[in-house]
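Read through the structure below, which is laid out as structure tokens, and then see the notes.
Side chains are part of it too, since the values below use all heavy atoms of this structure and drop only hydrogens, waters and symmetry mates. Counting begins at 1 with the first residue of the sequence.
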Amino acid sequence: MMRIVPFSAGAIVAIAVFGSERAAAADPTGTWLTEDGRARVRTEHCGPRDAQLCGYVVWARKSDDGKAKPRLDEENPDVGKRKRPVLGHQMILGLVPNAERQYEGRIYNADNGKSYDVTIWSETPAALSVRGCMFSYLCQTQIWKRVTDMAPGQLIGPTDGPGGPRADREWSYATPAMTSSTISPKIPPRAPSSPPAR
């Protein structure tokens, strides 16, 4: 079995075959320490009627070289986002619930600027299961652990508020008609286009 490609927020690029998972039983929102210990990710409900699940990097371990300069999203395919800090960016991109009470959609990997299919669920209050897939048949699951303390430098403010992470406008759902029944979990929806000027 090959190893999972690491990523600053612990998102997984899967490279091993993994079987089906049990249905979710616990609330998937909260702050979680990624399996590799490199980041804390805050998950919260988002979208119309708070039906989706979003996640943000709220803490990142400092690099081993001791550099104080914040890491930037330099691999992002969108040139306009390459100067944004990795700390505080949105990595879990508006997942939608499925029939098993899990959340499906896309997760962004700042290490290589790519997004991957992901399924997230929680069976116990202390753990979050994050199953990432490069292809439908190449998947692996990580377990993130709930944290309730505050690490030095952790963002604790509300999303898009003072001292909080920033929502990616590409994943802001402004149209109430967009629900889990109309959004494909494998292809993230685009923000609705502006209505024509009158």
- prompt: Do other residues, nucleotides or ligands put more than 12 heavy atoms under 6.0 Å from I156 CD1?
  reply: no
- line: Between the OG atom in S115 and the CD1 atom in I92, the distance rounded to the nearest 0.5 Å is 12.0 Å
message: Any donor-acceptor pair under 3.5 Å linking the side-chain atoms of Y108 with those of D168?
response: no
query: Of all heavy-atom pairs between M91 and V57, which one has the smallest distance, and what is that distance?
result: SD-CG2, 3.8 Å
message: Donor-acceptor pair, distance only, cut-off 3.5 Å: does the side chain of E35 make one with the backbone of Q142?
response: no
message: Once side-chain hydrogen bond (donor to acceptor under 3.5 Å, both in side chains) is applied, do any residues pair with R84, and if so which ones, sequence neighbours excluded?
response: D73
task: Determine, stepwise, if the pair D117 / R106 fulfils side-chain contact (heavy atoms from CB on, under 4.5 Å).
output: CA-CA 5 Å; D117 290 339; R106 305 286 278 176; 2.8 Å; yes
message: The criterion is side-chain hydrogen bond (donor to acceptor under 3.5 Å, both in side chains); which residues satisfy it with T43, sequence neighbours excluded?
response: W32
message: Whether the side chain of Q52 engages the backbone of V96 through a donor-acceptor N/O pair (distance < 3.5 Å, no angle test) should be reported.
response: no
Inter-residue atom distance L33.CG - L128.CG, 0.5 Å rounding: 12.0 Å
Least distance between heavy atoms, P77 atom then G113 atom: CD-O, 3.0 Å
message: To the nearest 0.5 Å, what is the distance between CG on L93 and CD1 on I107?
response: 8.0 Å
- prompt: Side chains of E75 and N112: donor-acceptor distance under 3.5 Å anywhere?
  reply: no
- prompt: Quick one: does R131's side chain have a donor or acceptor within less than 3.5 Å of a partner on T119's backbone?
  reply: no
query: Does any non-hydrogen side-chain atom of Q102 lie less than 4.5 Å from one of P97?
result: no
task: Test side-chain contact (heavy atoms from CB on, under 4.5 Å) on W59 and L155 and set out the steps.
output: CA-CA 6 Å; W59 175 85; L155 303 178; over 6 Å; no
field: Any P125 side-chain heavy atom under 4.5 Å of D27 side chain
entry: no
- prompt: Quick one: do the R146 and S122 side chains pair a donor with an acceptor below 3.5 Å?
  reply: no
query: Among all residues two or more places apart in sequence or in another chain, which pass the side chain to side chain contact (heavy atoms under 4.5 Å, CB included) test with A126?
result: T124
- request: With sequence neighbours excluded, give me every salt bridge (Lys or Arg N to Asp or Glu O under 4.0 Å) pair touching residues 148-162.
  value: R40-D149, D160-R169
- prompt: Within a strict 4.5 Å, meaning less than it, do heavy atoms of the R166 and H89 side chains meet?
  reply: yes
query: Linking I/L/V/M/F/W/Y whenever their side-chain heavy atoms sit closer than 4.5 Å, directly or via other members, would L72 and V86 fall into one cluster?
result: no
task: For N98 and R101, indicate whether the former's side chain and the latter's backbone hold a donor-acceptor pair under 3.5 Å.
output: yes
message: Run the side-chain contact (heavy atoms from CB on, under 4.5 Å) test on Y56 and T31 for me, step by step, so that the C-alpha distance in whole Å, both residues' side-chain angles and the decisive distance to 0.1 Å come before the verdict.
response: CA-CA 9 Å; Y56 310 87; T31 302; over 6 Å; no
message: Please tell me whether E44 and T159 have a donor and an acceptor in their side chains that are separated by less than 3.5 angstrom.
response: yes
query: What is the minimum heavy-atom distance between G94 and C46, and which atoms define it?
result: CA-SG, 4.2 Å
- line: Separation between CG (L53) and OH (Y103), nearest 0.5 Å, reads 6.0 Å
- prompt: Closest approach of L87 and A60, non-hydrogen atoms and distance?
  reply: CD1-N, 4.0 Å
- prompt: When rounded to the nearest 0.5 angstrom, what distance separates CZ in R38 from CZ in R61?
  reply: 6.5 Å
message: A side-chain contact here means heavy atoms from C-beta on lying under 4.5 Å apart; do P165 and R42 qualify?
response: yes
task: Find the distance between CG (D36) and CH2 (W144) and round it off to the nearest 0.5 Å.
output: 9.0 Å
task: Evaluate side-chain contact (heavy atoms from CB on, under 4.5 Å) for L95 paired with I120, printing each intermediate quantity in order.
output: CA-CA 8 Å; L95 311 187; I120 291 178; 3.7 Å; yes
